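All values below come from the heavy atoms of this structure, side chains included, with hydrogens, waters and symmetry mates left out. These numbers come from a predicted model, not from an experiment.
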Amino acid sequence: MPSTFLGLNTSYRGLVASNASLNTTANNIANIETKGYSRQQVNQTASEAMQFFQTFGCVGAGVDVLATERVRDIFYDEKYWANSSKLGEADKKQYYCAVIEDYLRNQEGTNEVKGFTRLFSEYMAAMSSFATEADQKNAALNFIGSAGELCKYFNILYNNFQKLQTDVNDEIKIKTDQINSLSQQIASLNKQINTIEVNGRAIANDLRDKRDLLIDELSAIIDVECEETEILDSYGHSTGLHDYSVKICGGQSLVSGYNYRQLECVPRETWQKVNQNDTDGLYDIRWTDTKEDLGVCAKNTGGELKGLFEVRDGNNYEAFTGKVTAVNNLEKSVTVKVTDDYLKSLSKSTIPLTDGRIRLGGEYYYYTDYDFKIDDNGDCYYTFNLSEDNSRNPVVIPKDLVTQSASIGEKVNYQGIPYYMEQMNEWVRDYAYSFNKIYDVPGATDINGNVTDGDIFYTGNNSLDGKQYVMEVEVGATEYNSASQSGYFNITAGNFGVRTELENDPSKFATHTGETEGPAKYNIVESLIDLAGNKDKMTFRGCTAREFLECLLGDSGLNAASANSFQNIYENIKESIANHRYSISGVDEDEEGANMIKFQNAYNLASKMISVLNECYDRLINATGV
């Protein structure tokens, strides 16, 4: 026969379950605006029935409250994190593409100078005016001043790009610090969660919400993979503990249980540059424990950090790569054969002239300068003279480096800041060479009638000694030494300038080749005017000299359009996934209001049942007796 008081106990269990549901509903309503909060619900099941040896068999014993758990779907979490890293990358590219477009925009006042097209038109107008009165010193002065403004445009644009690179580099440091902070917080939450959940006593819902919110933040910075596994004891039984791990950047461990790894930003020294145009102190991100590079630019990575790296280091997949063909320990040099066309051109190459870093067979070495040579068969070789500083390079260079790969920097398949700076350098080198070639024609004579053989007009300003470079090595040269400071490779958009002697005395400008009368009187100036639109004299990416900006604006426009397109796509995907997550995990006012009434009624009914049973027991005990 069942216990006389079984009904009272059953009603009590219902009262407890209803009260727990009401409290949970209250908590949901209180956190309706809390970011990252997941709706909670009370999981309950019917208590194990009691079996009696009566005709009616088993009797229900009420309800058991199992746990209060979050309503969450890991599927949508993983989709959200995967999309978030792509969106973060697109966001950074979109922002900096807009900045680059502003730098290149052809408007007066942009970057403190007029746009290239307007400046070049004024420059050509001054040259045309000079052609009609080339015997006038003032006309020469006006043209040289206009040429100086053109050089200034490139100087300022180059400096703006370097400043932008510094800004991106600083943001990389900020994002790295955020990753370190997040990893530490996640590991701490792992410990707190396990402390609460040990032996399965409870579920740390709010702490789990906080952890997932941190993963949301981390996924925007870098791609993430999360995995939670149950920890079993030696008998294979559950301990209630879980091992939660986070991997980033293509599967590298960041957090494992209570342990976390840290990253460090290591600034490159001046002798560790990998690009001639890089600003000083660019960061490499490494693990503090292994000192290995994080490898942000790998194909299977993403996030804001990757977007920043591609903007900062993007070289359109054009970096120095080749094969080691010879090692000379006596002279401490290594010869590398290259096959890429852009490495065979003096105007296109971007590797540091002196004090650079080269990777040989997986190890870094540092060179002081290098010799360039193209042999009779058209094969191109770079011989790097390695630093004598033993702290930078080993005393003996391994012979087994021969046939191994050599590289300077990484091939980054994006048109970032280094790409635009290389394009500017290529134009100023080619234009300076083509202009000087016409200007230095045999028999060139200035306004005063003096022969100016060997003179040049455009050159570069050496920031170290204040002197100007001597342009002895031509753009198409087959041999040169990078330390010679006598070739067009020394010119960059940042040091591009007019020869100081001509700026000081415009009357020394060469205008003709000996004749002083007739149509050939100012033939040098006429030929220089033709340089701007004659592809036989100069081409830039298949275009004329004056179409330089159109090429760069085309690049920046395509990059900006691509970034905007991807940003919109990933933003829409994010919104869609977020809506799905919210439909499952979010707190809905109407739903919680309905739950409140439902659980209130259940609570009232359980209370009424206890009241009814109380009257029954009162009758049984007090009113019935012998």
Heavy atoms only: give me the nearest [X]-[Y] pair and the separation to one decimal.
X: M538; Y: D430; value: CE-CB, 3.8 Å
X: F161; Y: I417; value: O-CG2, 3.6 Å
X: A493; Y: M424; value: CB-CB, 3.8 Å
X: A563; Y: C97; value: CB-SG, 4.4 Å
X: I491; Y: G460; value: CG1-N, 3.9 Å
X: C297; Y: E310; value: SG-CG, 4.4 Å

Problem set entry | Cation-aromatic face contact R546/F120, 6.0 Å, 45 degrees |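 Not satisfied by the 6.0 Å and 45° rule.
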For this session: Determine, for F566 and K93, whether the Lys NZ or Arg CZ falls below 6.0 Å from the six-membered ring centre while staying within 45 degrees of the axis.
Result: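 No, a cation-pi geometry is absent between K93 and F566.
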Taking [X] first and then [Y], would you say they form a salt bridge - that is, a charged N and a carboxylate O separated by under 4.0 Å?
X: E171; Y: K92; result: yes
X: K86; Y: D223; result: no
X: K508; Y: E501; result: yes
X: R118; Y: E122; result: yes
X: D177; Y: K173; result: yes

Mind checking the [atom1]-[atom2] spacing from [X] to [Y]? Nearest 0.5 Å is all I need.
X: T321; Y: L343; atom1: OG1; atom2: CG; value: 6.0 Å
X: L305; Y: T301; atom1: CG; atom2: OG1; value: 9.0 Å
X: K344; Y: S349; atom1: NZ; atom2: OG; value: 13.0 Å

Give a yes-or-no answer on whether the side chains of [X] and [Y] include a donor-acceptor pair shorter than 3.5 Å.
X: E149; Y: S146; value: no
X: D91; Y: Q567; value: yes
X: N534; Y: D530; value: yes
X: R541; Y: Q423; value: yes
X: N495; Y: N155; value: no
X: Q468; Y: T500; value: yes
X: T335; Y: T325; value: no
X: R429; Y: Y488; value: no
X: Y419; Y: D555; value: yes
X: D389; Y: S391; value: yes

For this session: Verify side chain to side chain contact (heavy atoms under 4.5 Å, CB included) between N315 and E422, making sure each step is shown before the conclusion.
Result: CA-CA 8 Å; N315 50 30; E422 184 276 325; over 6 Å; no
Would you say the ring centers of [X] and [Y] fall short of 6.0 Å from each other?
X: W271; Y: Y367; answer: no
X: Y420; Y: Y103; answer: no
X: F143; Y: F457; answer: yes
X: F489; Y: F372; answer: no

Just list the side-chain donor-acceptor pairs under 3.5 Å for residues 277-284, sequence neighbours left out, or say none.
| residue | atom | partner | partner atom | Å |
| --- | --- | --- | --- | --- |
| N277 | OD1 | Y158 | OH | 3.3 |
| N277 | OD1 | N425 | ND2 | 2.6 |
| N277 | ND2 | N275 | OD1 | 3.4 |
| D278 | OD1 | Q165 | NE2 | 3.1 |
| D280 | OD1 | K273 | NZ | 3.1 |
| D284 | OD1 | R268 | NE | 3.1 |
| D284 | OD1 | R268 | NH2 | 2.9 |
| D284 | OD2 | R268 | NE | 3.3 |
| D284 | OD2 | R357 | NH2 | 3.4 |

With heavy-atom distances below 4.5 Å as the criterion, would you say the side chains of [X] and [Y] are in contact?
X: F309; Y: I285; value: yes
X: F320; Y: V336; value: yes
X: V327; Y: D400; value: no
X: N481; Y: D369; value: yes
X: Q485; Y: V470; value: no
X: E264; Y: L294; value: no
X: L157; Y: N159; value: no
X: L308; Y: Y96; value: yes

Problem set entry | ring pair (Phe, Tyr, Trp, His ring centres under 6.0 Å) assessment of F154 paired with F548 | CA-CA 12 Å; F154 281 101; F548 158 78; 5.4 Å; yes
Using a cut-off of 6.0 Å, state whether more than 12 heavy atoms not belonging to [X] lie near its atom [atom1].
X: E426; atom1: CD; result: yes
X: K437; atom1: NZ; result: no
X: E503; atom1: CD; result: yes
X: K373; atom1: NZ; result: no
X: K247; atom1: NZ; result: no

For this session: Given side chain to side chain contact (heavy atoms under 4.5 Å, CB included), test L360 with Q404 step by step and report yes or no.
Result: CA-CA 7 Å; L360 302 171; Q404 293 198 36; over 6 Å; no
Exercise. Mind checking whether F384 and Y370 have parallel, tilted or perpendicular rings, split at 30° and 60°?
Worked result: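 Ring orientation, 0 to 90° scale: tilted.
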For this session: Spell out, as yes or no, whether a donor-acceptor pair under 3.5 Å connects the side chain of K399 to the backbone of N328.
Result: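 No, the answer is negative, given that no donor and acceptor are paired below the 3.5 Å cut-off.
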Problem set entry | Residue pair W287, Q262: steps toward the side-chain hydrogen bond (donor to acceptor under 3.5 Å, both in side chains) verdict | CA-CA 6 Å; W287 293 105; Q262 295 281 277; over 6 Å; no
For this session: Start with the C-alpha gap between D371 and Y382, add the side-chain angles, then the distance that decides, and say whether side chain to side chain contact (heavy atoms under 4.5 Å, CB included) holds.
Result: CA-CA 6 Å; D371 294 295; Y382 286 75; over 6 Å; no
For this session: Let me see the working for L263 and T288 under side chain to side chain contact (heavy atoms under 4.5 Å, CB included), right down to the final yes or no.
Result: CA-CA 5 Å; L263 296 166; T288 55; 5.8 Å; no
Exercise. So which of Y365, Y364, Y366 actually passes side chain to side chain contact (heavy atoms under 4.5 Å, CB included) with R392?
Worked result: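 Of Y365, Y364, Y366, side chain to side chain contact (heavy atoms under 4.5 Å, CB included) with R392 is met by Y366 alone.
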Exercise. Hey, mind stepping through N316 and N413 against side-chain hydrogen bond (donor to acceptor under 3.5 Å, both in side chains) and telling me if it holds?
Worked result: CA-CA 5 Å; N316 200 34; N413 193 19; over 6 Å; no
